[in-house]
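All values below were derived from every heavy atom in this structure, side-chain atoms included, with hydrogens, water molecules and symmetry-related copies excluded.
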Amino acid sequence: FGFFQAESYGYVGSRSFLRDVAYPGFQCDEDRTVPAVAKNTGSDDNSEEVKMGCLNPLRTDLDFTKLGEISGMIAVDQIGVLGTDQTFYVHGENAGDNDNGFLANVLLQLGSNDWTIASLAAENDDNGQPAIPPTPLQSLIKLSEGAVGGAVLAGYDETFVHESFYHSHLDSNATRTVDLGSIAMAATVLARAAVASAYDNGEGDAESAAQYAANLVPNLSADDETFLALADCLLTDGNCDLLLSYGKMERINNEYVTGVDLGLGVPLGNPPNYYPSVYDASNGQGFVQVGTKRYGSYTGDEEYGKAKTDTFLLRPSLLETSIHGMLDDFLGRGSVNADGDVAELSSCKSSKDCASVSYCSATGDEALCSGDGVCVCSRAHYHLALDEAIVPAPNNFTGRFLFDENDQGVSPVFTEPYWSPSVGVRVYRDAGGSSGNWALGAGLVVWACSLLSTILLKKKLKKEKLY
């Protein structure tokens with residue numbers, strides 16, 4: 001499950017992730033792969049239990065290199081405002097050479113008595129390829145050169161829903177109310193599609209896989225307490241207690257692991273603001289602490305790990321930390337003990353309380369404390385969302401970047417300039433829409449008074465024979 005930032009800026013999040021994972025794959029500079037926390041340097045660096053990072057190009061976590069081959073993608077787009085009541089549409093059927101429509105067919109099999117999942121009515125594009133909406137699936141198809149595809153689950157057919165205000169300044173729950181029942185059903189369909197994809201053994205039997213998943217995964221109710229709380233956070237109040245509880249626990253966990261407290265990330269705001277922001281240390285850019293200095297990328301002579309305080313650091317926003325914590329919580333349950341029984345979760349106040357937990361070791365995961373106060377197995381990761389043509393400037397602090405000399409120039413560069421603090425700004429207050437009418441009225445009064453005074457003065461001067 002992936003949440004990509006800055007997709008409206010040339011698919012920055014998905015392109016960055018997919019390029020690092022497989023197209024062509026991330027390459028760390030020679031001898032720059034190190035333990036992400038220096039106090040782990042004494043451990044076996046080849047052990048899967050030791051988290052590794054790269055000093056240049058800087059990556060705070062290299063676990064993405066273990067994902068392997070990508071076989072397909074299901075993207076979800078605009079399912080909160082539907083074009084047709086209780087109907088989803090599947091886009092991209094037969095997109096990609098290796099998919100053969102399997103993912104799309106799975107989605108089409110997951111309808112119910114109350115909900116319809118229909119195939120797209122639009123025709124193929126000029127190249128004979130299935131029409132793909134602007135989603136991360138576009139990135140996958142383009143970067144894989146059509147070898148890997150998938151499907152899009154959306155609330156629209158051939159065109160976007162009228163007055164959905166997608167990605168505009170009016171894209172707000174206050175402007176167009178989001179259908180929570182639709183989101184709950186889409187979440188159910190997506191969860192079942194994930195299970196069905198894993199269930200299939202390569203035969204491409206979408207019907208059997210979908211039936212298995214439907215029997216295993218129950219419907220998510222639109223009245224579910226956690227679902228409603230999360231919806232309120234993401235649509236109404238971004239500073240809600242739910243996000244804060246997970247964000248605060250992530251802060252505690254990070255301090256426990258790295259020994260550094262970076263504070264709570266930038267809040268989402270009220271109402272929520274999803275602007276991705278400038279990429280720097282305060283807004284999700286990873287950096288490394290070497291000795292007493294911090295760098296956005298490092299190629300210097302001072303040896304990393306010489307000081308036990310050397311470590312990779314990351315300060316994501318409250319939205320990102322809370323989603324990361326929820327993924328750990330929701331996906332990190334259900335582990336089994338050595339005897340094969342489902343483990344009973346231990347309670348905790350910080351990850352220190354989870355040090356003796358054994359039920360995560362079977363899968364090689366690290367046990368940590370979740371925002372819900374129980375020890376779960378960590379399975380969520382951060383990945384940078386930065387334009388592929390830009391790299392952090394080595395041996396500089398965050399917020400400094402260079403153009404990548406190896407960039408192929410396949411897309412425009414999406415970034416913002418780094419403004420000097422000495423740039424002057426003059427701010428004018430908004431006087432309201434009636435100020436112009438008042439100015440016009442005052443001008444007419446002055447004009448009338450001036451005209452009358454001129455006429456009276458002319459008559460007076462004529463009377464005195466001075467004109």
Side-chain angles (χ1 to χ4, degrees), residues 34-43 49-55 58-63 238-268 277 279-296 298 304-332 345-357 360 365-384 397-399:
V34 296
V37 180
K39 60 186 179 182
N40 295 330
T41 302
S43 304
E49 296 182 359
V50 177
K51 298 292 183 182
M52 307 297 288
C54 178
L55 294 171
L58 191 135
R59 298 291 187 273
T60 60
D61 182 352
L62 292 179
D63 280 0
N239 300 328
C240 63
D241 291 339
L242 180 64
L243 296 189
L244 287 173
S245 65
Y246 279 95
K248 290 177 180 178
M249 184 56 70
E250 286 287 296
R251 174 184 177 180
I252 293 172
N253 290 341
N254 289 334
E255 182 181 8
Y256 171 71
V257 172
T258 65
V260 180
D261 181 12
L262 295 176
L264 203 59
V266 177
L268 186 57
S277 191
Y279 200 58
D280 58 20
S282 298
N283 294 285
Q285 182 184 354
F287 55 98
V288 62
Q289 179 172 285
V290 181
T292 59
K293 297 182 179 180
R294 296 175 175 179
Y295 306 93
Y298 187 66
Y304 172 87
K306 189 175 182 181
K308 292 299 182 182
T309 56
D310 291 356
T311 184
F312 287 78
L313 298 168
L314 191 67
R315 185 178 182 264
S317 68
L318 176 61
L319 171 66
E320 293 158 347
T321 54
S322 56
I323 288 180
H324 183 275
M326 289 181 197
L327 287 174
D328 271 338
D329 192 359
F330 300 156
L331 299 177
L345 299 179
S346 303
S347 60
C348 59
K349 293 184 178 179
S350 73
S351 290
K352 184 177 181 181
D353 300 331
C354 303
S356 60
V357 168
C360 292
D365 297 315
E366 177 185 5
L368 53 74
C369 191
S370 75
D372 200 29
V374 293
C375 294
V376 297
C377 306
S378 177
R379 288 160 187 166
H381 302 272
Y382 295 107
H383 197 85
L384 85 167
F397 191 55
T398 61

Can you check disulfide (SG to SG under 2.5 Å) on Cys348 and Cys354, steps first, answer last?
CA-CA 7 Å; Cys348 59; Cys354 303; 3.9 Å; no

By side-chain hydrogen bond (donor to acceptor under 3.5 Å, both in side chains), Asp241 pairs with (sequence neighbours left out) none

* Are any of the side-chain heavy atoms of Leu368 and Val376 separated by less than 4.5 Å? -> yes

Is there a side-chain contact (heavy atoms from CB on, under 4.5 Å) between Arg251 and Thr321 once you walk through the steps? CA-CA 8 Å; Arg251 174 184 177 180; Thr321 54; over 6 Å; no

Nearest heavy-atom contact between Ser282 and Val266 is O-CG2, 3.4 Å

Distance col, row Gln285:CD vs Leu384:CG, nearest 0.5 angstrom, shows 8.5 Å

Q: Would you please classify the geometry between the Tyr382 ring and the His324 ring as parallel, tilted or perpendicular, with 30° and 60° separating the classes?
A: parallel

So CD1 of Ile252 and OG of Ser350: to nearest 0.5 Å the spacing works out to 7.0 Å

Correct closest heavy-atom pair for Pro35 and Tyr304 would be O-OH, 2.8 Å

### Query
Taking SG to SG, are Cys375 and Cys360 separated by less than 2.5 Å?
no

### Check: Val257 main-chain N/O paired with Lys39 side-chain donor or acceptor under 3.5 Å
yes

Taking Asp280 for its side chain and Gly399 for its backbone only, find out whether a donor-acceptor pair lies under 3.5 Å.
no

Between Phe312 and Arg59, the two heavy atoms sitting closest are CE2-O, 3.7 Å

Taking C-beta and beyond as the side chain, do Asp353 and Ser346 meet within less than 4.5 Å on heavy atoms? no

Residue pairs meeting salt bridge (Lys or Arg N to Asp or Glu O under 4.0 Å), one or both in residues 315-330, sequence neighbours left out, come to Asp329-Arg333

Exercise for the section: Flag the pair Arg379 and Asp365 as a salt bridge only when some basic side-chain nitrogen lies within less than 4.0 angstrom of an acidic carboxylate oxygen. Expected result: yes

*asked:* Could you go through Lys51 and Asp61, starting from their C-alpha distance and side-chain angles, then the distance that decides it, and tell me whether this counts as salt bridge (charged side-chain N to carboxylate O under 4.0 Å, His left out)?
replied: CA-CA 7 Å; Lys51 298 292 183 182; Asp61 182 352; 5.3 Å; no

The reported gap from OH in Tyr246 to CG in Leu244 (rounded to nearest 0.5 angstrom) is 13.0 Å

May I ask you to decide if Ala281's main-chain N or O and Thr398's side chain share a donor-acceptor pair within less than 3.5 Å? yes

Practice item. Answer whether the closest heavy-atom distance between the side chains of Leu58 and Tyr295 falls below 4.5 Å. Key: no

Would you check, one step at a time, whether the test side-chain contact (heavy atoms from CB on, under 4.5 Å) holds for Asn254 with Leu262? CA-CA 9 Å; Asn254 289 334; Leu262 295 176; over 6 Å; no

Heavy-atom nearest pair, Arg294 first then Phe397, reads O-CD1, 3.5 Å

Q | Within-4.5 Å side-chain heavy-atom neighbours: Val260 and Glu255 | A | no

Taken to the nearest 0.5 Å, the spacing of Glu250 CD from Leu314 CG works out to 10.5 Å

Between Gly238 and Leu268, the two heavy atoms sitting closest are O-CB, 3.6 Å

For the residue pair Val288 and Thr311, establish whether any side-chain heavy-atom pair is separated by less than 4.5 Å. no

Rounded to the nearest 0.5 Å, the CE atom of Met249 sits from the OG atom of Ser245 at a distance of 8.5 Å

Interatomic distance, OH@Tyr298 vs CG@Leu55, rounded to 0.5 Å, equals 8.0 Å

Nearest heavy-atom approach of Asn239 to Pro267 is OD1-CB, 3.3 Å

Worksheet entry | Asp372 (side chain) donor-acceptor with Val374 (main chain) under 3.5 angstrom | no

